[in-house]
Novice: 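Pasting a structure below so you can have a look.
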Amino acid sequence: MKKIGLTETVLRDANQSLIATRLPFDMFADILPTMDKAGYYSSECWGGAVFDVCLRYLNEDPWERLRKIRKGMPNTKLQMLLRGQNILGYKHYPDEVVRMFVDKSVDNGIDIIRIFDALNDIRNIEVATDEAIKKGATVSGTISYTQSPVHTIKAFADYAKQMENLGVQTICIKDMAGTMSPDEATELITAIKKQVKIPVVLHTHCTTGMAYMTYYAAVEAGVDVIDTATSCFSGGTSQPSTETIHYALTQIGYDTGLDAKVLKEVNDFFKPIRDQFVKEGKLDPKALSTDSDALVYKIPGGMLSNLISQLKAQNAMDKFDAVLEETPKVREDLGYPPLVTPMSQMVGVQATANVLAGERYKNISKEVIAYCRGEYGTAPGKINEEVKKKVLGDVKPVEGRYADSLEPVFEKTKEELKGIARNDEEVLSYIAFPQVTEKYFAARKEREEKVVKYTIEPIKED
Ligand code: CO
């Protein structure tokens, strides 16, 4: 029997794509022992936006959350998404921070680290990959997939080969926008399979409605693992449904290793949670439907909704079409970066600024300056020279690899946080998200002082 693995994304990407990662730990704690028996290839449960949202909105320590998931699912491989040299933040960090973050992720329960760089610049994943392998984790070297004149099948396959040479154990193709067609999947997977000996993973989204067809084509081309979400958290901007894919693939002779009875229990558990998010207006029905606009604009669904909320906030929805036209132009100016975090935010904000100001690159974000300097690595294509001149002005471009110029910060920060941060993990949280973590520390202090007040209430003995 042919084997295929399914990664369940309900705790990370489905949660992130449909409900902006607002699922608190307590809401899913009880299902973990059941999920542990499903037979998933892995459970994607950490990284991406989980870390940031835990601190910013859920008042949860993301490390504690990971430890609790580990405890609830002792037999399942836990997987995270890591933004290479950006770790889980939006800029580059010094190598020591990257190494330490990887170490602590593994120490707290992670088995598989999917490591990507927004620009597919291999220098930005080398350090994280090296450290993860040393720590005994499985590294899934990841291609940020996109379509552009400079993104060819050959370039992607060569990148996969370079990652195999780094020692990654699997190759993941990350189609964050859900714009990979079945035909593209066949070509790309066939080409990568010719270049590398290690398993190939495909990650996509249902955004444009192609994902099921794309997975089918990928399976025929020999893909080894695909990402799916329990059915009530599937579809729309999320992944295809786990149960449905299991059903269909079993029928054509694949062994997914999954237990259909357990999958149903998992889905039954999440259904009322999904309904509650719908009822409270936190799950927009639009996120659950098909949006073929992404095929026209080549803009990921999440980015499209960000653009809309930016324009609404500035009372400028009449400029929507103009911004949609401007977005691919900015992307071209910047050398066709794949629209994934942090590039999607950068390109979207710049396109909006260009339209609202009525003049291109009149207002420039500090991120775009950093990008044009080379702080994020090398652009896939050529950055438009005129734009570069206008953006940089007197600012000097980076020489060599940007992270090499960054001073270590860990020990210094640890010293600063004496008496506040309780372990090295919390110091790392602070380094990644200083303001957010500071607020988290303050809220925790307040909470605990309250608890102390209650516990010292005199007890009347009788
Ligand atoms: Co995704």
Side-chain angles (χ1 to χ4, degrees), residues 5-23 40-53 78-84 86-88 90 110 112-120 125 140-147 156 170-181 184-185 188 200-212 214-215 218 223 225-231 233-242 245 283 287-288 290-291 294-295 298-306 337-345 348:
L6 268 63
T7 290
E8 172 59 54
T9 67
V10 66
L11 301 183
R12 207 287 296 177
D13 205 0
N15 170 18
Q16 183 171 331
S17 301
L18 294 181
I19 53 171
T21 328
R22 296 300 198 275
L23 200 59
Y40 304 125
Y41 168 80
S42 63
S43 163
E44 194 201 31
C45 62
W46 212 63
V50 168
F51 198 91
D52 187 357
V53 171
L78 301 187
Q79 185 175 315
M80 74 175 287
L81 180 66
L82 188 81
R83 299 173 188 144
N86 292 359
I87 49 174
L88 298 177
Y90 309 104
I110 289 295
I112 302 174
I113 311 186
R114 185 177 282 177
I115 305 176
F116 79 95
D117 176 59
L119 302 176
N120 294 318
I125 65 163
S140 195
T142 301
I143 295 168
S144 299
Y145 179 77
T146 189
Q147 296 101 339
F156 283 134
T170 65
I171 297 292
C172 172
I173 308 161
K174 176 178 168 62
D175 174 28
M176 53 277 172
T179 54
M180 183 188 287
S181 70
E184 288 166 15
L188 185 56
V200 176
V201 181
L202 179 59
H203 170 86
T204 190
H205 290 253
C206 295
T207 321
T208 69
M210 279 193 296
Y212 286 90
T214 302
Y215 273 169
V223 81
V225 178
I226 50 181
D227 285 6
T228 59
T230 192
S231 59
F233 266 89
S234 72
T237 53
S238 175
Q239 274 76 48
S241 140
T242 309
I245 295 277
L283 171 49
L288 288 168
T290 301
D291 183 357
L295 292 175
K298 303 284 183 203
I299 295 175
M303 189 177 158
L304 213 53
S305 49
N306 269 2
L339 297 178
V340 64
T341 304
M343 295 313 307
S344 43
Q345 291 83 346

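All ligand and atom numbering here is 1-based and tracks the order in the structure.
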Novice: Would you find a donor on one side and an acceptor on the other, under 3.5 Å apart, between the side chain of Tyr212 and the backbone of Cys206?
Specialist: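 Not a single qualifying donor-acceptor pair exists.
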Novice: Which label fits Phe51 and Trp46: parallel for a plane angle under 30°, tilted from 30 to 60°, or perpendicular past 60°?
Specialist: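 Correct class here is perpendicular.
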Novice: Asp227 pairs by side-chain hydrogen bond (donor to acceptor under 3.5 Å, both in side chains) with which of Gln239, His203, His205?
Specialist: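 It is His203; the other options fail the test.
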Novice: To the nearest 0.5 angstrom, please state how far the CE atom of Met176 sits from the CG atom of Leu81.
Specialist: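 So the CE of Met176 and the CG of Leu81 are separated by 11.0 Å.
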Novice: Does a side-chain N-to-carboxylate-O contact under 4.0 Å join Asp13 and Lys174?
Specialist: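 Salt bridge: no.
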Novice: State, yes or no, whether a side-chain contact exists between Tyr90 and Arg83 at a heavy-atom distance under 4.5 Å.
Specialist: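 Yes, their side chains come closer than 4.5 Å.
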Novice: Please list, in chain and residue-number order, the protein N/O/S atoms closer than 2.8 Å to the Co ion (ligand 1).
Specialist: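 Protein N, O or S atoms closer than 2.8 Å to the Co ion (ligand 1): Asp13 OD2, His203 NE2, His205 NE2.
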